J.: 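Mind having a look at this structure? Questions to follow.
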2 protein chains.
Amino acid sequence: MFRQRTYNPSRDQGPFPGAHFFWQVLILLADPPSSGPIRRINAPRRIAVAPESTRCSTCMLNAICLPLGMTRQDVAKMDELIKERFRLPKGGTLYRQGDVADAIYGLRSGSIKTQIEDANGQVQITGFLLPGEVLGLDGLMTDQQVSHAIALEDSEVCIIRLDEMDQLAPQLPSLQRQLRRLMSKEIGRSHQLLLALGSLRSEQRLAAFLLNLSQRLQVLGYSPYEFILRMSREEIGNFLGLTLETVSRLFSRFAREGLIRVQQREVHILDMAGLQALSGTDCS
Amino acid sequence: MFRQRTYNPSRDQGPFPGAHFFWQVLILLADPPSSGPIRRINAPRRIAVAPESTRCSTCMLNAICLPLGMTRQDVAKMDELIKERFRLPKGGTLYRQGDVADAIYGLRSGSIKTQIEDANGQVQITGFLLPGEVLGLDGLMTDQQVSHAIALEDSEVCIIRLDEMDQLAPQLPSLQRQLRRLMSKEIGRSHQLLLALGSLRSEQRLAAFLLNLSQRLQVLGYSPYEFILRMSREEIGNFLGLTLETVSRLFSRFAREGLIRVQQREVHILDMAGLQALSGTDCS
DNA sequence: CGCGCGTTTGAGTCCATTCAAACCTGGTGG
DNA sequence: CCACCAGGTTTGAATGGACTCAAACGCGCG
């Protein structure tokens, strides 16, 4: 039935009933939320933390995250906006498809995957997020989340409530702009991924995946040459439109060819240029 | 080298030098526009038309396009915002990757494809737009277009300048909200397409493609059962991550199986339910 | 008419998948 | 401490679906 075996992630609450759309059915804006009463997200599990620790102005990620490009004054205003943080254990879900989308989230630490699910339960991972990146932008359309967000390890997110953001918007045009940028970036990212899934062969996809990860980790101050993967082979495969076996084989081959060294989830990149050549990034 | 033959669209100005990014390189915000001086888009080809014909308030598409969900008063304010329209001949480009992105565009009539291009000239079509849909949202990130927009037939777009929109924003919060929705929709659309490219087999992809088109045309008041394709087999193939031959074979097979009738670019859908079952939209 | 372009159809190949078995690792309980 | 188990991972062999290469066809156009 499917080109690849159905990727069936562990479900903590049984099958989700609200995955009823496909493609641009969204454009209709017609179908009411058929998923029954809209659930309130995780409300009980939220904790307010000591104020000074949630400040954007003192956050190490403020050069990467939402405040990117803002003036000091504007960042100070951001501090009013972000009152809550949220701890997420490994495997925990930040939100699920169909939840009300009344906030966006800045990932503070850890890593999170986002995935969508169609009516058949077929799942597609749409992104692996690293600290400083913002989640929940895809839910702004319908006021309902259209994807699941699941922690790959213990993680922590900052919560930015939409209504409070709208209130603050007039005084903080730079936030609107930055938000627009982030959404635009998300669109660009999906498009690049589309290009990968649509036209790259498996080895190119994996090479590009590793390079992408390496680069993003470097931005965060980590070594671009060695890192540990937070996701399983199966998740990588799903993300790249491949099977876990293919991914595993490619890892082995890359290692055999001296491009990387890999044991389990620990990856050492030995030949960055070689990977780039493989991925097709390197032009000419 | 590539999984599918390189799709090489006719280029009106030779190879484009600015397609230097890959995936989330965008996140860096570091690399300067390496494409030389940023070009001004199509400025000389723009024409101002009789004011009453550009009014959102009298536009037939105002229930679908940007003004969707706005009050009558807000739509009236939109009228001030949209002062220009732009005629685009078949094959003409509205903007190219690397152009300054200082406006977004509402498609008034015709149809447009958007495509991205990587350093190797590899192209991926990211969308086929119909009237009432909005282009240019992906360029808001960098203030530079990250995709090409090319007309599939003679088309007409409304121009919404970003600086004017920002000026009007405080008085028109519903516009901000709607813009956010549209961007969010675009993200959702890409994600759905990702799911298709990542996990659907060829026949499912084409079936889903036809259903999607059918549905969007219906929203516009056209028959969902018969329409003519504005794009070539090659363009469909590129969009769906298939070769033109595969697409052609699938059309033939669908026709043989009584799902559709097709001659050249004219498509009649005979068995909508069959197509839905095939695409996997139909659940259970 | 002849040409170019898009499309259709066929035959053969190859790459990723499927199915299957063995392996490694970490955690649990005896 | 070790045996055992479960889940993730690796590797092999065989299959099949989409691709490549190729040729013929149809249509519009100068």
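Note that this is a predicted model, so its numbers are computed, not measured. Lettering follows sequence order; numbering is per chain, from 1.
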J.: Restricting to nitrogen or oxygen on both sides, can you table the protein-nucleotides 25-30 of chain D pairs closer than 3.5 Å?
T.:
none

J.: Can you pull out how bent the helix from C/dC1-D/dG30 to C/dG30-D/dC1 is, comparing the axes over its first five and last five pairs, to 10°?
T.: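 End-to-end axis angle: 30°.
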J.: How close or far is atom C1' of D/dG7 from atom CD of A/E235, stated in whole angstroms?
T.: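 That distance rounds to 13 Å.
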J.: Whether the side chain of B/R249 and the base of D/dG17 hold a donor-acceptor pair under 3.5 Å is what I'd like checked.
T.: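 Under the 3.5 Å cut-off, the side chain and the base do not form any donor-acceptor pair.
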J.: For the pair made of CZ in B/R253 and P in D/dA18, what is the distance, rounded to whole Å?
T.: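 Atom-to-atom, B/R253 to D/dA18, this comes out as 8 Å.
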J.: Please tabulate, for side-chain N and O atoms in residues 261-272 of chain A, each donor-acceptor pair with protein atoms closer than 3.5 Å (sequence neighbours left out).
T.:
unit_1	atom_1	unit_2	atom_2	d
A/E266	OE2	A/H268	NE2	3.2
A/D271	OD1	A/A273	N	3.4
A/D271	OD1	A/G274	N	2.7

J.: With sequence neighbours left out, what residues match A/S214 under side chain to side chain donor-acceptor pair (under 3.5 Å)?
T.: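 Checked A/S214 against side chain to side chain donor-acceptor pair (under 3.5 Å); zero matches.
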J.: Across the strands shown, which category fits B/R265 at heavy-atom distances under 4.0 angstrom: base, sugar-phosphate, nothing?
T.: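 Touches sugar-phosphate only.
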J.: Expressed in angstrom and rounded to an integer, what is the separation of A/L229 atom CG from D/dT9 atom C1'?
T.: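 Computing the A/L229:CG to D/dT9:C1' distance gives 13 Å.
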J.: Looking only at the side chain of B/S252 (C-beta and beyond, no hydrogens), which of the listed nucleotides C/dC15, C/dT9, C/dG6 gets closest?
T.: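 Side chain of B/S252 sits closest to C/dT9.
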J.: Any heavy-atom pair between the side chains of A/L240 and A/T246 that's under 4.5 Å?
T.: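 Heavy-atom side-chain distance check fails, nothing below 4.5 Å.
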J.: Is there a side-chain contact between A/T93 and A/Y95, using heavy atoms and a 4.5 Å cut-off?
T.: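 Result no, sub-4.5 Å side-chain heavy-atom pair not found.
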J.: Closest to the A/S248 side chain: D/dT20, D/dA13, D/dT9?
T.: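 Selected nucleotide (nearest to the side chain): D/dT9.
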J.: D/dC19 C1' sits how many Å from B/E203 CD, rounded?
T.: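 Result: 16 Å.
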J.: With sequence neighbours left out, write down each residue that passes side chain to side chain donor-acceptor pair (under 3.5 Å) with A/R233, or none if nothing qualifies.
T.: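 If we apply the side chain to side chain donor-acceptor pair (under 3.5 Å) test to A/R233, skipping adjacent residues, there are no hits.
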J.: My understanding is that only residues two or more places apart in sequence, or in another chain, count here; which of them pass side chain to side chain donor-acceptor pair (under 3.5 Å) with A/S155?
T.: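 So A/S155 forms no side chain to side chain donor-acceptor pair (under 3.5 Å) with any residue.
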J.: List the residues meeting salt bridge (Lys or Arg N to Asp or Glu O under 4.0 Å) with B/E257, not counting sequence neighbours, and say none if there are none.
T.: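 Only B/R253 meet the salt bridge (Lys or Arg N to Asp or Glu O under 4.0 Å) criterion with B/E257.
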J.: Whole angstrom is fine here: how far is it from CE in B/M231 over to P in C/dT7?
T.: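 Those two atoms, CE and P, are 11 Å apart.
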J.: Could you check whether B/F128 and B/F239 have their ring centres less than 6.0 Å apart?
T.: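 For B/F239 and B/F128, the ring centres are under 6.0 Å apart.
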J.: Checking B/R249 now: which residues fulfil side chain to side chain donor-acceptor pair (under 3.5 Å) with it, not counting sequence neighbours?
T.: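 Not a single residue meets the side chain to side chain donor-acceptor pair (under 3.5 Å) criterion with B/R249.
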J.: If you only use heavy atoms from C-beta on, which nucleotide in C/dC19, C/dG6, C/dA16 is closest to the side chain of A/E245?
T.: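 The answer is C/dC19.
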J.: Roughly how many Å is it from CZ in B/F251 to P in C/dT7, rounded to a whole number?
T.: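 Answer to the nearest Å: 9 Å.
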J.: Out of C/dC15, C/dT17, C/dT8, which has the shortest distance to the side chain of B/R233?
T.: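 When the side chain of B/R233 is considered, C/dT8 is the closest of C/dC15, C/dT17, C/dT8.
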J.: Rounded to whole angstroms, how far apart are CZ on B/F254 and P on C/dT8?
T.: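 Spelled out: CZ on B/F254 to P on C/dT8 is 13 Å.
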J.: Whole angstroms only, please: what is the CG-P distance between B/L242 and C/dT8?
T.: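 The answer, rounded to whole Å, is 14 Å.
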J.: Taking OP1 and OP2 of C/dA16, is either one under 4.0 Å from a side-chain nitrogen or oxygen of A/T243?
T.: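 A/T243 to C/dA16 OP1/OP2: no side-chain N or O under 4.0 Å.
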J.: With sequence neighbours left out, write down each residue that passes side-chain contact (heavy atoms from CB on, under 4.5 Å) with A/S111, or none if nothing qualifies.
T.: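 Residues passing side-chain contact (heavy atoms from CB on, under 4.5 Å) with A/S111: A/L130, A/L152, A/E153, A/R230.
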J.: Closest-nucleotide mapping onto DNA chain C: is B/R256 or A/T246 further toward the 5' terminus? I mean the 5' end.
T.: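 Whichever sits nearer the 5' end wins; that is B/R256.
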